[in-house]
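Some notes on the structure that comes next.
This is a predicted model, so every value here is computed, not measured. In what follows, chains are A, B, ... by sequence order, proteins preceding strands, each numbered from 1.
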Amino acid sequence: MDMEFSPEDLAFQKEVREFIAENYPAELRGKQDEGDELGKEDFLAWHRILYKKGWVAPAWPVEYGGTGWTPTQRFIFSEETARADCIRLMPFGLAMVGPVIYTFGTPEQKAHFLPRILSGEDWWCQGYSEPGAGSDLASLRTAAVRDGDDYIVNGQKTWTTMAQHADWGFFLVRTDKDAKQQEGISFLLVDMKSPGITVRPIITLGGEHEVNEVWLEDVRVPQSQRVYEENKGWTCAKFLLAHERTGIAGVASSKRGIEKVKEIARTELDGDKPLFANPFFKRKLAELEIDLTALEFTELRSLAGANAGKGPGPESSLLKIKGSEIQQRLTELTLEAVGHYGAPYFRGFGANDLGGDNEHPIGPDYAHRAAPTYFNMRKTTIYGGSNEIQRNIIAKMVLGL
Amino acid sequence: MDFTYTETQDMIRDTLSRFLADTYDFETRQKFINGDTGRDPAIWTALAQDLGMLGAAFSEEQGGLGGGALENAIIMEELGKVIAIEPYLPTVVIAGGALKAVGGAQADAMIPEIIAGNAIVAFAYAEPQGRYDLANLRTTAKKDGAGYVLNGHKSTVYAAPWASHLLVTARTGRNQRDKDGVSLFLIDANLAGIVRRDYPTVDGSRASEIYFENVAIPGDALLGGEGTGLPLIEQIVDEATVAVCAEATGVMQKLHEGTLEYTQQRKQFGLPIAKFQVLQHRMVDMFMEVEQARSMTVMGTLKLDLPANERMAAVSACKSKVARGAKFVGQNAIQTHGGIGITQELAIGHYFKRATMIEGQFGSADYHLDRYERIALAD
Ligand SMILES: Cc1cc2nc3c(=O)[nH]c(=O)nc-3n(C[C@H](O)[C@H](O)[C@H](O)COP(=O)(O)OP(=O)(O)OC[C@H]3O[C@@H](n4cnc5c(N)ncnc54)[C@H](O)[C@@H]3O)c2cc1C
Ligand SMILES: Cc1cc2nc3c(=O)[nH]c(=O)nc-3n(C[C@H](O)[C@H](O)[C@H](O)COP(=O)(O)OP(=O)(O)OC[C@H]3O[C@@H](n4cnc5c(N)ncnc54)[C@H](O)[C@@H]3O)c2cc1C
């Protein structure tokens with residue numbers, strides 16, 4: 001056992017670091033520094049650069065466009081991108097439906113969709129949850145009925161992240177009403193421009209529009225866009241959820257997050273000293289760092305398992321629970337650090353007012369989104385299978401209860 | 001010992017709670033805060049003139065109902081239950097508290113205006129560098145003939161866009177962090193040289209950055225002694241701190257009730273989710289936090305009249321406990337609602353936002369734990 005990087009790994013690390021330094025879009029960096037909200041084009045800007053370089057999908061098999069990196073190299077890559085505060089790529093194509101398609105899809109599906117996911121040409125969304133089917137996903141009711149070579153789909157999905165930008169969605173639909181819950185579900189790829197689809201915004205606590213309701217009314221979907229067998233969609237769904245959960249630990253970005261909190265604490269004053277000298281605040285930072293180290297080494301151990309050929313198992317639930325809790329604590333500390341300047345609500349301003357008056361600024365830039373981000377990040381313990389559900393999974397699958 | 005409320009106090013609570021039930025449901029509140037000015041002035045007028053509510057905490061000689069801190073707590077708790085944005089805290093609790101403390105001509109002139117609903121006062125005390133330290137002031141008031149000239153920058157002054165008056169802390173002498181040399185002024189909000197940048201706040205109110213640029217203020221704007229204002233400021237901020245704890249109690253109660261209600265309706269896996277024991281225990285823990293917040297608020301309120309050190313220890317005990325409870329109850333209310341909890345649609349998220357801002361108002365849990373340690377556990 002050792003935890004040193006090999007010389008090859010170190011060389012790789014240097015290569016990644018230099019690539020980012022030379023290629024990360026300056027405009028995007030500026031927006032991030034100012035605490036602006038980021039839109040579709042911002043995500044795509046970095047996506048396309050990585051795509052050109054061939055680095056957009058490190059986890060994919062080489063034959064479909066992956067990098068062929070070792071798990072250690074993948075670790076280094078995600079570490080370096082987070083360290084440099086690179087924007088996180090949208091997971092719905094790259095980390096979710098892509099792996100489902102290359103694992104379960106037909107040759108035609110692979111040939112058509114995978115290249116477009118890699119290039120960023122198609123923006124994907126995930127149509128799983130429904131108003132009545134959240135934690136109990138298998139109770140979903142959106143129905144697909146055969147009609148010639150097509151399905152006719154009717155129902156309502158909700159919480160569909162970024163559906164407002166999506167070209168395609170992957171949907172879980174019920175194709176057999178009489179089968180046991182999990183056994184009557186199919187996995188469909190749906191063109192979001194199909195007639196009968198309506199996307200309505202849901203505004204979240206910080207004022208963001210990131211989730212939507214998606215209504216499907218007599219939407220025609222060719223059966224050739226079903227992935228895997230009819231009524232076996234749950235297999236794809238479960239496979240995908242395990243993938244979703246590992247990404248969710250977010251160790252590298254939380255490390256970067258801690259650095260950001262430290263920077264704020266070094267700038268903010270508390271009496272005649274920086275907040276960083278406040279023993280209470282520092283104690284909380286120390287605890288957070290230690291918890292993050294525990295998470296990191298748990299992930300590394302699980303990675304070592306993956307190196308030895310084991311897929312992500314139920315331990316991914318542990319990574320999700322602890323990772324999300326840490327992400328939330330980071331936003332808590334940030335909000336605490338900015339003090340009074342957590343209060344102004346910048347989205348409520350006329351666009352011209354924001355930053356328009358340099359003589360009378362409203363608090364430091366790093367404070368602008370502290371509260372909305374804190375509110376928004378409550379989502380991390382809810383989505384991707386809530387933390388209660390993850391604990392149920394560990395109880396059942398790991399502890400055998 | 002007696003923890004029962006008087007008949008008048010019960011009446012205040014009932015009257016206010018009925019009024020708010022009729023006028024301040026969640027949708028109406030959202031309309032207020034999304035409107036141009038962020039409030040409906042008719043509510044304030046009604047509170048003053050129809051209900052006599054703004055006089056509850058003033059003596060009968062001053063035209064009030066003869067109450068004090070307990071009445072403030074009752075009113076703040078009811079306002080908290082509907083997450084009201086009315087400027088009761090800065091106007092009645094804080095400015096009213098300062099005026100009661102100094103008395104004299106200034107009190108005689110202003111208190112009737114407050115009770116009648118004609119005056120709204122914003123409390124301009126925080127500065128960008130000062131965090132929670134009330135004496136850490138760069139704002140200065142320099143003697144100039146019979147009056148003063150005010151210069152400086154006050155941050156996140158809640159209710160300032162609505163205010164007719166500002167209660168301002170400023171340095172009349174000594175250095176930035178000294179306890180001496182601090183003074184308190186009550187001034188007209190529209191004097192020449194006052195520059196405001198207004199904005200909405202994340203919890204639904206309105207606030208301003210206020211810049212004083214050579215603002216000439218009259219000599220009689222000074223409340224209390226020149227340069228010896230800090231003890232008075234500490235006292236009114238302690239009163240305000242307990243009052244926001246009372247507000248928090250109302251907010252937390254609603255967060256808890258909303259969660260109880262929702263989990264009994266919401267079904268997953270064929271059951272109301274309230275049947276899952278892990279959620280039951282969580283809601284029990286939330287309940288215990290609400291009850292303890294209420295207890296600490298009563299304790300803090302009753303100890304406001306003790307000598308400064310005992311008062312401060314009690315207030316800090318109250319605030320640190322309530323701040324942590326507010327965080328626990330708020331976070332768990334959202335978590336237990338699932339996705340719907342993080343939307344703007346449901347009231348629950350808005351209660352959570354207010355609970356979050358209360359955590360830091362007049363000092364975070366850590367700040368107050370520290371102050372408690374320094375006073376109550378001094379060697
Ligand atoms: C910001 C955000 C983005 C999302 N993006 C997407 C997306 O792109 N696509 C998509 O399909 N979905 C998405 N979701 C939906 C997400 O997966 C669901 O919110 C989640 O599964 C929880 O379901 P629910 O919201 O219906 O809560 P509920 O299932 O109603 O749960 C409410 C509470 O009850 C608890 N609970 C439920 N069952 C149990 C149990 N058996 N034991 C103990 N506790 C229990 C939950 O943990 C939670 O605390 C998103 C959600 C959010 C908040
Ligand atoms: C120091 C001491 C003094 C005592 N004195 C007396 C005495 O004077 N007279 C007397 O009659 N008894 C006495 N007791 C016994 C005491 O009342 C029992 O220990 C207690 O009721 C728990 O029962 P148990 O030990 O059988 O644990 P169990 O009932 O087996 O419980 C084990 C664990 O499971 C948990 N648990 C059980 N049921 C549930 C549930 N439905 N939901 C969630 N969790 C559950 C319990 O909380 C506990 O954590 C004493 C015990 C102690 C430790």
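Contact record, A:Tyr341 with B:Pro128: OH-CG, 3.7 Å, taken as the closest heavy-atom pair. Residues A:Leu205 and B:Lys353 share a closest heavy-atom pair of O-NZ, 2.8 Å. Scanning all heavy atoms of the two residues, the minimum distance from B:Gln335 to A:Ser386 falls at NE2-CB, 4.4 Å. Pairing each heavy atom of A:Glu336 with each of B:Arg131, the nearest pair is O-NH1, 3.3 Å. Nearest approach of A:Tyr345 to B:Thr201, heavy atoms of both residues: CB-C, 3.5 Å. Contact between A:Pro361 and B:Arg197 at its shortest, heavy atoms only, is CA-NH1, 4.0 Å.
When side chains are defined from C-beta on, B:Glu359 does not count as touching A:Leu335, because their heavy atoms never get closer than 4.5 Å.
At a 4.5 Å heavy-atom cutoff, A:Pro279 makes no contact with chain B through either its backbone or its side chain. In this structure, chain A has a heavy atom under 4.5 Å from the side chain of B:Arg282, while its backbone stays farther away. Contacts of B:His153 with chain A are made by side-chain atoms alone, with heavy-atom separations under 4.5 Å and no backbone atom involved. Using a 4.5 Å cut-off between heavy atoms, B:Tyr158 touches chain A through its side chain atoms alone. For chain B, no part of A:Asn278 is nearby; none of its heavy atoms comes within less than 4.5 Å. Interface remark: B:Ile340 contributes backbone and side-chain atoms alike to the contact with chain A (heavy atom separation under 4.5 Å). Contact of A:Ala343 with chain B is made through backbone and side chain together, with heavy-atom distances under 4.5 Å. For chain B, the nearby part of A:Ala337 is the backbone; its heavy atoms alone come within less than 4.5 Å. Residue A:Ala138: no heavy atom, backbone or side chain, is found under 4.5 Å from chain B. Proximity to chain A is limited to the side chain of B:Arg266, based on heavy atoms less than 4.5 angstrom apart.
Among the candidates B:His337, B:Lys327, B:Lys267, B:Arg206, the residue making the largest number of heavy-atom pairs closer than 4.5 Å to chain A is B:Lys327. Interface summary for chain A: among B:Thr356, B:Leu346, B:Asn34, the most heavy-atom pairs under 4.5 angstrom belong to B:Thr356. The greatest number of non-hydrogen atom pairs below 4.5 Å with chain B, out of A:Ser135, A:Ser139, A:Pro131, A:Ser129, is found for A:Ser135. Between chain B and the residues A:Lys284, A:Gln181, A:Gln328, A:Arg391, the most heavy-atom pairs under 4.5 angstrom are made by A:Lys284.
The distance from the CG atom of A:Leu137 to the CD atom of B:Gln268 is 9.5 Å, given to the nearest 0.5 Å. In this structure, the separation between CZ on A:Phe280 and CG on B:Leu369 is 6.5 Å, given to the nearest 0.5 Å.
Under a 3.5 Å cut-off, the side chain of B:Glu209 and the backbone N or O of A:His360 do not form any donor-acceptor pair. The closest donor-acceptor contact from the side chain of B:Glu345 to the backbone of A:Ile202 lies at 3.5 Å or more, if one exists at all. In this structure, the side chain of A:Arg378 does not engage the main chain of B:Gln331 through any donor-acceptor pair within 3.5 Å. Although no hydrogens or angles enter the test, the distance criterion places a donor-acceptor pair under 3.5 Å between the side chain of A:Asp136 and the main chain of B:Phe269.
Within 6.0 Å of CZ on B:Arg177 lie more than 12 heavy atoms contributed by other residues, nucleotides or ligands. Counted within 6.0 Å of CZ on B:Phe362, heavy atoms from surrounding residues, nucleotides or ligands total more than 12; the atom is thus considered enclosed.
Considering A:Met377, A:Lys379, A:Glu208 as possible partners of B:Ile342, the one that fulfils the side-chain contact (heavy atoms from CB on, under 4.5 Å) test is A:Lys379.
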